[in-house]
There are 2 protein chains.
Amino acid sequence: TQHRKEFNRLTGLSIQIDATFKANSGHPGAPMGMAPISHVLFNKFMRFNPKNPGWVNRDRFVLSNGHGCMLQYALLHLFGYELSMDDLKNFRHIDSITPGHPEAHDTPGIEVTTGPLGQGFANAVGLAVAQAHTAGVFNKPGYDLINNYTYCFFGDGCAMEGIASEAASAAGHLQLGNLIMIYDDNHISIDGDTKCAFTEDVLKRFEAYGWHTQHVEQGDTDLEGMEAAIKKAQEVKDKPSVIKLTTTIGYGSKLQGTGGVHGNPLKEDDILQVKKKFGFNPEETFVVPQEVYDMYHKHASEGAAAEQEWNKLFEKYSGEYKDLAADLSRRLTGKLPEGWQNKLPTYKPSDPAIASRKLSESVLEAIYDVVPELVSGSADLTGSNNTRWKSAVDFQPPSTGIGEWSGRYMRYGVREHAMAAMMNGMSAYGTIIPAGGTFLNFVSYAAGAVRLSSLSHQRVIYVATHDSIGLGEDGPTHQPIETLAHFRALPNMMVWRPADGNETSAAYYVALTSHETPSILALTRQNLPQLEGSTLEKAIKGGYVALEDKNAQITLVSTGSEVSLCLEAVKYLKDNQGITARVVSMPCVEVFDAQDKDYRLSVIPDGIPSMSVEVMSTLGWEKYSHEQFGLNRFGASGAYKDVYKKFEFTPEGIAKRAAATVDFYKDVKPLRSPINRAFLQLI
Amino acid sequence: TQHRKEFNRLTGLSIQIDATFKANSGHPGAPMGMAPISHVLFNKFMRFNPKNPGWVNRDRFVLSNGHGCMLQYALLHLFGYELSMDDLKNFRHIDSITPGHPEAHDTPGIEVTTGPLGQGFANAVGLAVAQAHTAGVFNKPGYDLINNYTYCFFGDGCAMEGIASEAASAAGHLQLGNLIMIYDDNHISIDGDTKCAFTEDVLKRFEAYGWHTQHVEQGDTDLEGMEAAIKKAQEVKDKPSVIKLTTTIGYGSKLQGTGGVHGNPLKEDDILQVKKKFGFNPEETFVVPQEVYDMYHKHASEGAAAEQEWNKLFEKYSGEYKDLAADLSRRLTGKLPEGWQNKLPTYKPSDPAIASRKLSESVLEAIYDVVPELVSGSADLTGSNNTRWKSAVDFQPPSTGIGEWSGRYMRYGVREHAMAAMMNGMSAYGTIIPAGGTFLNFVSYAAGAVRLSSLSHQRVIYVATHDSIGLGEDGPTHQPIETLAHFRALPNMMVWRPADGNETSAAYYVALTSHETPSILALTRQNLPQLEGSTLEKAIKGGYVALEDKNAQITLVSTGSEVSLCLEAVKYLKDNQGITARVVSMPCVEVFDAQDKDYRLSVIPDGIPSMSVEVMSTLGWEKYSHEQFGLNRFGASGAYKDVYKKFEFTPEGIAKRAAATVDFYKDVKPLRSPINRAFLQLI
Ligand SMILES: [Ca+2]
Ligand SMILES: [Ca+2]
């Protein structure tokens, strides 16, 4: 059988080599080095049904070193996922389902989008959190419904990334027993031998985090050793496991063990000798013998049978735990419970001024029991982000005595980047909507993972408090200037900056009901009055008229804490300059952009100039206004009112610029709204 | 003397408590917990001259847990830096030199800007790299010119951040023997006890990185233990050292040992009892007895004397090593060697098409020997970033056999965030201009530190290759869309996207001669032709006319790889639509913004519409154009020409939109250049 194993694994290998050669691009080294462990893991351990990649209790696999994705594509093909030999031939070709790095929404069987190093590692931690939490909520005596493993391959590159360190520390603390990582210790990264930059003792580091560690020294050949290590890792239930597998990158190539085989396809003569060495016909490309398909399909059928068994178990469970079963089924559709939105708080103008971070807390307090899939948390700023409802239980190993697996509050620690990537994994699991808090300025620490929330269509909510110079004394190191421009430029991301209570509820409404789009909620530290003109219905359009005046000479377009300042400026303008102004509140430009043109033109009309008012970078506001009042420099440390005053964010400061704008545009005919464009953007 | 020590340290403490109370803001906990170690470190070990904070061989101190900066301000005051009691009273007040977190360019004696957690830790590693490198270059037998230590305090928050893990791993590999870190192990972070999120064995982790580790268990009282530990750490010369100091946060307060004392000033009654407990007059505020000043000033005088000694040594050195001495003196002024710029490569239109990442390599190759302070490197993408000149020697401990302390090429490993923060520290040291490479998309991983390059005025160069969908097959996970908008919105950052060889040289010219501003150079993977209209002199204005036509009906404003596409589109427009167009190349909007208005209007004139062309987010281009052609969605994996074609970035695709733009604006009078604004921005 050793021979048979060898043969089978190499079969997967030959089509990978063919594909990277045909693409004239790709990374053959990691796939060639990790073929044996893949064979062992997928055929001996992994439980999945290629005909239903969405089965909730399937084992999850994450290729954190995503550049090796040809390995994963070949396996998916062999097991019978909807990924044809033609798809493999189109590897890295335009509009294929086999892009250069694995993308979850493109390819059946890919769990999370990886490639940016370290992300997959932290996604896997998130998937394991989701498994432990979902098990904690739904499993009952006799019903071990949710017990899947999360497996993850990672390389030296991932091991060096800070995000993976953060996630590894968190996973150790959380004692995620169903998480099994394989470290491809091949001593090679792009710069060559890891001795030039990476000489730490990786296993000792993971031990320090509280992981169970093992080392398989002959990772190119010792299939039994790999099998035994994974088995042992499965048995350790109170710690995550890492198996260091010492391998040879590009095993079999003339360049094996060198950086030369990392990022470039093999040369033609090298392919010929590899194929000969491993017993393939060098004349053939993209060929898999039927007996090989048969073997892989057999394992796939076992997976399908396991799902059938599970479905029976779930049916029985549905009889005994009707509500829980219905809840789990509903969660998997992505739809929220009927009528949940009626719990969202609404406000009248006479209600007191409240900071939007507190308004956000009120939303969570109001909806947590009707949206059970909501799992909140913070990167060690719970009291500042106001992310925790009063009765929340922490997600913690019960042995710690400070929480439960079923707990819905995550203590991420000061680990913003891992938090974001863990949330991506938690969202990808399918039973959770994660919300995580930090200061808006430190969402930037998580930028790599936030980008992947967007690219991979995860419904993740970033609760980003202390959203401007309005945070005051902490000063420029903590005051965002560029942050909203950054994330507004990120495709498929909603950036919300609500101005009051109704807008905060609207932000949550849209965030929670947008299945494929993440959101950043930028929230104030300081109190905000409740606006006259706001309603949830208006705010969910992303932008609306907060103060109308048919005789207006200018439109002020503003967000968040500056909307009420604009309303004050309107009075000042009328009283001091005799200028009539109207005010638009624009809590989310991305949602506003999605409204029809007539609506958008009714909000920012032709004929009068508009001026944006937002106390940070003006970049991008030209799209919605003729002139922009913002802050294109760093802030200052001081009481927030002093800081606002220093930068002229006062009714007078706004009025002065509004008057200049009215004057400047008085001779331009026709004066078009910036909503009118010569052509449509590619989106 | 124990009593005296105690008294002195507590004196520093009392003004800190007074200042946080007066500011009604700030973090008294860490200062109160770390007062004893500060006293020991600053009075027993640190060598510095408050009258000359710029002495190159001073010991560096970094407060990575920067929220405790009141501690640092008090010490600077006591030692006689230019920081008065009034400055302390103005702690966290607007326009003070004592902002809420330490800012290097605001306050004498602050080495680096900290507060965002983990940054200071990695800055300290960079400062230690700079010390080791500078020593390697300048020290000679009998002339131990550069031998300062770098000390850093960090807390649990820093220890949890990925950036600190990356930097710690790098420091261990680099065997930075003059780096001594003190870990304030107080078991408290903002969410409360660290047991809720952070239960790893920190010292074991540092051992795994290759650090020398010690533990002082009685960090509140054991002054002798602290002294012995620092002494021992100084003696270990082949490893960085970390001393875990178990302390009580807010030691002395009624709330000591709790999160309640982390981020809020003490209550009035608590202040009274603390002052009584430690023998102060509770009636007095902001009082330091003269004998205390005397003691601190005595240590300051010892530092001044040490500098005098050093100056004598340097004078002697100047006789023996004239060129080296002159080089060191020049470096410390921040000015480059006379005439260096004559080495910058220039190109003719007939020169071959070359990728701008290769053009960048040619610049480095041409100037490395005339700009000896330039230290290049890459986050494990050397072959892709083209950051290494052929004869470069790696910066490595000589014992590794693969480099030298004097080496000028850094192998940062796959650690983008630490690379950026280490470069901030290296720049802050004063003898180095660091340049570091990664893919543009992964500069986002470093966003937290890139922001601090800008805020703290560091001359750091980010060599950001693979700058668009033009990277092709690696696909959307690697193709920047939002990245340039992000960093263009960041104040005091120059984002360069050169279109050819002359523009690449211009980018380096401005980056290297801008003492107070960092730069990001966005460079292509694919080849770019040499433009007809480009010169270094034009390009250093940030934007210029690449193709003029007095009869033009439209201005195309473009950057990088799209400029040559625009030039092709001009021909297409003329031949197919009879439209005459002119082309502006805008390699750096920030530098263009700094030109006078007449010049800017000559580049983007009144009377005709303009359209921007850049193959990524259009956000912000409205500032320079009436219409924008860009890519407001994620890219695609495929051959780069296929990807460009898919998104219509072709002469035809540009021409189609240009024609629509001409048509759309034909009835607008006057048609003003977007350079005209109703009012000036605050910058
Ligand atoms: Ca590797
Ligand atoms: Ca702490």
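When reading the values below, keep in mind they use all heavy atoms of this one structure, side chains included, and skip hydrogens, waters and symmetry mates. In the text below, chain A, chain B and the rest are named by the order of the sequence lines, each starting its count at 1.
- Of the possible polar contacts, one joining the A:H173 side chain to the B:C196 backbone as a donor-acceptor pair under 3.5 Å is found.
- The distance from the CG atom of A:L452 to the OG1 atom of B:T477 is 7.5 Å, given to the nearest 0.5 Å.
- A:S189 and A:D156 form no side-chain donor-acceptor contact under 3.5 Å, judged by distance and modelled atom types alone.
- Under the 3.5 Å distance criterion, with hydrogens and angles disregarded, a donor-acceptor pair is assigned to the side chains of A:R415 and A:S169.
- Here the side chain of B:Q479 pairs a donor or acceptor atom with the backbone of B:A636 at under 3.5 angstrom.
- For the options B:E200, B:R451, B:Q119, B:K195, heavy-atom pairs under 4.5 Å to chain A are most numerous at B:R451.
- Only the side chain of B:E103 comes within contact range of chain A, with at least one heavy atom under 4.5 Å from a heavy atom of that chain.
- Interface summary for chain A: among B:A208, B:G413, B:G638, the most heavy-atom pairs under 4.5 angstrom belong to B:A208.
- Contact tally against chain B (heavy-atom pairs below 4.5 Å) for A:T113, A:D642, A:N492, A:L671: the top residue is A:D642.
- Interface remark: B:M611 contributes side-chain atoms only to the contact with chain A (heavy atom separation under 4.5 Å).
- Taking the six-membered ring wherever Trp is involved, the centroid distance between the rings of B:F442 and B:H478 falls below 6.0 Å.
- Interface remark: B:L455 contributes backbone and side-chain atoms alike to the contact with chain A (heavy atom separation under 4.5 Å).
- Looking at A:Q175, there are no atoms closer than 4.5 Å to chain B (heavy atoms on both sides), in backbone or side chain.
- For B:K646, the part sitting under 4.5 Å from any heavy atom of chain A is the side chain, from C-beta outward, and nothing else.
- In summary, the side chains of A:Y412 and B:D191 do not present any donor paired with an acceptor at a separation below 3.5 Å, with no hydrogens or angles considered.
- In this structure, the portion of B:S617 lying under 4.5 Å from any heavy atom of chain A is its side chain and not its backbone.
- Each of B:I190, B:V668, B:D380, B:N676 has some count of heavy-atom pairs under 4.5 Å with chain A, and the biggest count is that of B:D380.
- Interface summary for chain A: among B:P116, B:A446, B:G66, B:G448, the most heavy-atom pairs under 4.5 angstrom belong to B:P116.
- Heavy atoms of B:F629 lying under 4.5 Å from chain A belong to its backbone as well as its side chain.
- If you tally non-hydrogen atom pairs under 4.5 Å between each of A:R388, A:H101, A:M616 and chain B, the highest count goes to A:H101.
- Taking a cutoff of 4.0 Å between a charged side-chain nitrogen and a carboxylate oxygen, B:R92 and A:D474 qualify as a salt bridge.
- Between chain A and the options B:F634, B:Y209, B:F439, the largest number of non-hydrogen pairs under 4.5 Å is found for B:F634.
- The backbone N or O of A:Q628 sits less than 3.5 Å from a side-chain atom of B:Q681, completing a donor-acceptor pair.
- When each of A:T400, A:L381, A:I163 is checked for heavy-atom pairs under 4.5 Å with chain B, A:L381 comes out on top.
- Chosen from A:H93, A:K656, A:H67, A:M493, the residue pairing most often with chain B at heavy-atom distances under 4.5 Å is A:H93.
- The part of A:H417 that comes within reach of chain B is its side chain, from C-beta onward, which places non-hydrogen atoms under 4.5 angstrom from that chain.
- A 6.0 Å sphere centred on NZ of B:K204 holds more than 12 heavy atoms belonging to other residues, nucleotides or ligands.
- Classification of B:E627 and B:R657 as a salt-bridged pair fails, no side-chain N sitting under 4.0 Å from a carboxylate O.
- Not a single donor-acceptor pair under 3.5 Å links the side chain of A:T661 to the backbone N or O of B:A678.
- Residue B:K645 does not touch chain A at all, counting heavy-atom pairs closer than 4.5 Å.
- When the candidates A:T483, A:V643, A:D663, A:T382 are compared by the number of heavy-atom contacts under 4.5 Å with chain B, A:T382 comes out ahead.
- Contact annotation for A:Q396: only side-chain heavy atoms (C-beta onward) come within less than 4.5 Å of a heavy atom of chain B.
- Counting heavy-atom pairs closer than 4.5 Å to chain A, the top-ranked of the candidates B:E161, B:R205, B:K669 is B:E161.
- When all heavy atoms of A:A168 and A:W211 are compared, the closest pair comes out as O-NE1, 2.8 Å.
- Relative to the six-membered ring of A:Y665, B:R672 meets both conditions, a distance below 6.0 Å and an angle of at most 45° to the axis.
- Residue B:S454 touches chain A through both its backbone and its side chain, counting heavy-atom pairs closer than 4.5 Å.
- For chain B, no part of A:F487 is nearby; none of its heavy atoms comes within less than 4.5 Å.
- Proximity to chain A is limited to the backbone of B:A639, based on heavy atoms less than 4.5 angstrom apart.
- Of all the listed residues (A:D95, A:V202, A:D106, A:T98), the one sharing the greatest number of non-hydrogen pairs under 4.5 Å with chain B is A:D95.
- In this structure, the separation between OG on A:S637 and CZ on B:F91 is 7.5 Å, given to the nearest 0.5 Å.
- At a 4.5 Å heavy-atom cutoff, A:N90 makes no contact with chain B through either its backbone or its side chain.
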